[in-house]
Amino acid sequence: MKSFSLFWDGHSDEELDDPCFCVSENFRINTWIQNAVRCKVEKVHLAVAYFDFEGEPIAFPSCVFRSSSLRSLVVEMPHTVFKTPSFTFSSNLKRLDLRDVIIQDEGFFKWISCSCKSLKDISLTDCEIYNITIESSSLEKFDFFNYMIFETCHINISGGKLEEVNINCYHSPSSAVLKIVAPNVKHLLLEGNVKNDLNLGELNYLEEAAILMEPIVDEFDKVYEVLSSLCSVKVLVLNEATIKAACKEERVQVQLDEVWYLQMKIGSFTDDVVPAVVCLLRGTPELCTLYIRYKPTSRNPKYNTSGFDMKYWKMQNLGFISQVEDVTIELSAGFNGIELARYILEHAESLEKMVIRYLAEQSNDIGKLKETKMVSNPLVTFEEYERSI
């Protein structure tokens with residue numbers, strides 16, 4: 001059997017005249033899974049929502065992990081517990097995707113390390129587990145998405161073939177402690193409360209990174225350390241909190257000489273954001289593409305957005321300005337962003353394309369910006385957009 005897929009949405013039979021056949025849904029579902037395993041299924045996809053959540057969690061059928069034919073397992077089954085399989089059986093799994101399940105203990109990941117020698121892709125989404133340690137010689141991709149972490153989660157990942165790591169704890173009340181030993185990682189995402197005791201190891205082959213953490217002021221040293229480890233990255237995305245934390249002290253500058261594409265997700269160009277943006281731009285002398293994206297950080301508008309004029313930008317002597325070719329800037333309130341746009345238009349001699357997005361209330365100021373005398377002959381586009389909250 002090539003594949004077995006089951007999408008099951010439990011319901012109440014209290015209002016039915018006759019009992020529904022799914023009154024023993026757990027028994028029936030387990031029987032179907034067992035039959036699929038007997039038929040040497042290669043791919044299993046289960047999305048099961050039991051109606052009755054009372055009582056002990058339901059154990060996932062252990063026979064699945066004894067299957068030598070199974071290559072891909074995707075499971076989304078709330079109120080289901082995954083117990084550690086027997087180490088006497090070797091698995092040929094290549095992909096494991098678990099969503100909203102309970103993992104009994106860290107022994108499950110020890111089983112992965114010891115018995116899953118072909119596993120290439122692991123994805124864990126909103127799983128109840130707080131200690132993850134995986135050492136794999138075959139793993140190429142690891143995803144961890146958890147938006148409801150209430151305790152600190154310790155994640156230790158080690159793999160010589162690992163090329164992509166995505167850790168997302170956005171909106172989580174607690175945080176993840178992360179240690180990566182994967183010298184060949186090429187793609188890295190760290191988002192949300194991923195901050196305490198970070199140890200990223202050597203990242204000499206990193207090509208793309210998105211660091212969208214929510215650090216607090218006291219964690220400046222760790223954020224600076226994270227960005228400093230991205231010495232080989234070429235495509236980089238950062239959010240406002242990360243930029244401000246890493247550049248909190250202007251005398252300390254993160255040097256990112258290989259970056260040719262930089263995206264910054266910031267709120268308004270407030271007076272406390274501008275120096276941090278400048279500090280970051282100083283460390284990217286080879287920048288070719290710059291995208292400053294408006295990403296609201298608060299529902300309350302900020303008005304200290306006009307403290308830096310053209311004179312300030314000229315004094316910074318930013319190295320990237322002579323070779324940047326493509327710029328997109330989304331303006332919000334005040335003049336700080338407008339002055340930066342004007343500075344780029346007047347001094348970017350290699351500029352080929354620039355998109356300036358603005359709010360309706362900025363129309364008059366944009367009219368003056370359109371009259372800027374440009375040092376090059378770029379294609380400049382002005383677009384009006386609506387503020388998002």
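One is the number of the first residue; the rest follow in order along the sequence. Values below: every heavy atom of this structure, side chains too, minus hydrogens, waters and symmetry copies.
- Aromatic ring centres of F4 and H45 lie farther apart than the 6.0 Å criterion allows.
- With sequence neighbours excluded, no residue forms a salt bridge (charged side-chain N to carboxylate O under 4.0 Å, His left out) with K94.
- When each of E384, E386, E330 is checked for a salt bridge (charged side-chain N to carboxylate O under 4.0 Å, His left out) with R357, only E330 meets the rule.
- Taking the salt bridge (charged side-chain N to carboxylate O under 4.0 Å, His left out) definition, one finds that E106 meets it with nothing, sequence neighbours left out.
- Every residue meeting the side chain to side chain contact (heavy atoms under 4.5 Å, CB included) condition with V81, not counting sequence neighbours, appears here in chain and number order: P57, A59, K83, I102, Q104.
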Legend entry - R342 and E339: CA distance, side-chain angles, deciding distance, salt bridge (Lys or Arg N to Asp or Glu O under 4.0 Å) verdict: CA-CA 5 Å; R342 190 190 313 278; E339 290 298 281; 3.3 Å; yes
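- Note: F144 and F142 have parallel aromatic rings, judged against thresholds of 30 and 60 degrees for the angle between ring planes.
- There is no side-chain donor-acceptor pair under 3.5 Å between N92 and S69.
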Inset, instruction - Could you go through the side chain to side chain contact (heavy atoms under 4.5 Å, CB included) check for L188 and E164 one step at a time? - result: CA-CA 6 Å; L188 175 66; E164 182 173 348; over 6 Å; no
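- Using modelled atom types and a 3.5 Å distance limit, the side chains of Y205 and E207 yield no donor-acceptor pair.
- Proximity of M264 to Y291: side-chain heavy atoms (C-beta onward) are nowhere separated by under 4.5 Å.
- Residues that satisfy the side chain to side chain contact (heavy atoms under 4.5 Å, CB included) test with S86, not counting sequence neighbours, are T88, F89.
- In this structure, R71 has no salt bridge (charged side-chain N to carboxylate O under 4.0 Å, His left out) partners at least two apart in sequence or on a different chain.
- N146 and N168 share no donor-acceptor pair across their side chains, judged by distance under 3.5 Å alone.
- N364 and Q362 share no donor-acceptor pair across their side chains, judged by distance under 3.5 Å alone.
- By the 6.0 Å contact criterion, CG on N377 is open, its count of non-hydrogen atoms from other residues, nucleotides or ligands being 12 or less.
- Remark: K370 qualifies as a cation-pi partner of F382 under the 6.0 Å distance and 45° angle criteria applied to the six-membered ring.
- Comment: E140 engages K120 in a salt bridge, judged by a side-chain N to carboxylate O separation of less than 4.0 angstrom.
- Heavy atoms only, all atoms of each residue included: Q255 and P285 are closest at NE2-CD, 3.9 Å.
- Ionic pairing of R99 and D126 is not present here: no N-O contact between side-chain nitrogen and carboxylate oxygen is shorter than 4.0 angstrom.
- Ring pair F65/F82 is perpendicular by interplanar angle, where above 60° counts as perpendicular and below 30° as parallel.
- Scored by the side chain to side chain contact (heavy atoms under 4.5 Å, CB included) test, S138 finds L119, S136 as partners (sequence neighbours excluded).
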